[in-house]
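Here the structure comes first, spelled out in structure tokens, and everything after it is commentary.
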Amino acid sequence: MDAEANPKIASQAGIRGYPTLKLYPVEQTFNPYTKKSAKLASDYNGPRTAKGMVDTVLGSLPNYVHVVHTDNSTDFLEDEYPKALL
């Protein structure tokens, strides 16, 4: 998001300088005090280079790749989720 064009959202996210990278996980965290779930952002504190930022973002993505062999192919095919074999 462009924080300069959306200062209210930027302020709520705690963004004070640019460039700022916030990582929001796939999982939600449950707060027992408010009884609400939310995706809590973590601050990026790595190198201020494009490569450093891209490497961190790509490293935080969940890996849904499964290596399928003849001995585990039945387990892989059992559920109803879509699949692709390469």
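- Judged purely by atom type and a 3.5 angstrom limit, Lys22 uses its side chain to pair as donor or acceptor with the backbone of Ala13.
- Between the side chain of Ser11 and the main chain of Lys8, no donor-acceptor pair closer than 3.5 Å is present.
- Considering only heavy atoms from C-beta on, Phe76 stays 4.5 Å or farther from Glu78 through its side chain.
- Within 6.0 Å of the OH atom in Tyr81, the count of heavy atoms belonging to other residues, nucleotides or ligands does not exceed 12.
- Asp2 meets the salt bridge (charged side-chain N to carboxylate O under 4.0 Å, His left out) test with no other residue; sequence neighbours excluded.
- Within the model, atoms CE of Met1 and CD1 of Ile15 stand 4.5 Å from one another, a figure rounded to the nearest 0.5 Å.
- Listed by chain and residue number, Val68, His69 satisfy the side-chain contact (heavy atoms from CB on, under 4.5 Å) test with Asn72 (two or more places apart in sequence, or in another chain).
- Legend: residues meeting salt bridge (charged side-chain N to carboxylate O under 4.0 Å, His left out) with Lys35, ordered by chain and number and at least two apart, are absent.
- The hydrophobic cluster containing Val54 also contains Leu61, counting ILVMFWY residues as joined when their side-chain heavy atoms lie under 4.5 angstrom apart, directly or transitively.
- Here Lys83 pairs with Asp79 under the salt bridge (charged side-chain N to carboxylate O under 4.0 Å, His left out) rule; sequence neighbours left out.
- Every side chain to side chain donor-acceptor pair (under 3.5 Å) that Lys51 has, sequence neighbours left out, goes to Asp55.
- The OG1 atom of Thr56 sits 9.5 Å away from atom CG of Asn45, with the distance rounded to the nearest 0.5 Å.
- Looking at Arg48, its side chain never comes within 3.5 Å of a backbone N or O of Gly46 through a donor-acceptor pair.
- Grouping Ile, Leu, Val, Met, Phe, Trp and Tyr residues whose side-chain heavy atoms lie under 4.5 Å apart, directly or via other members, places Leu23 in a hydrophobic cluster with Leu21, Tyr44, Met53, Val57.
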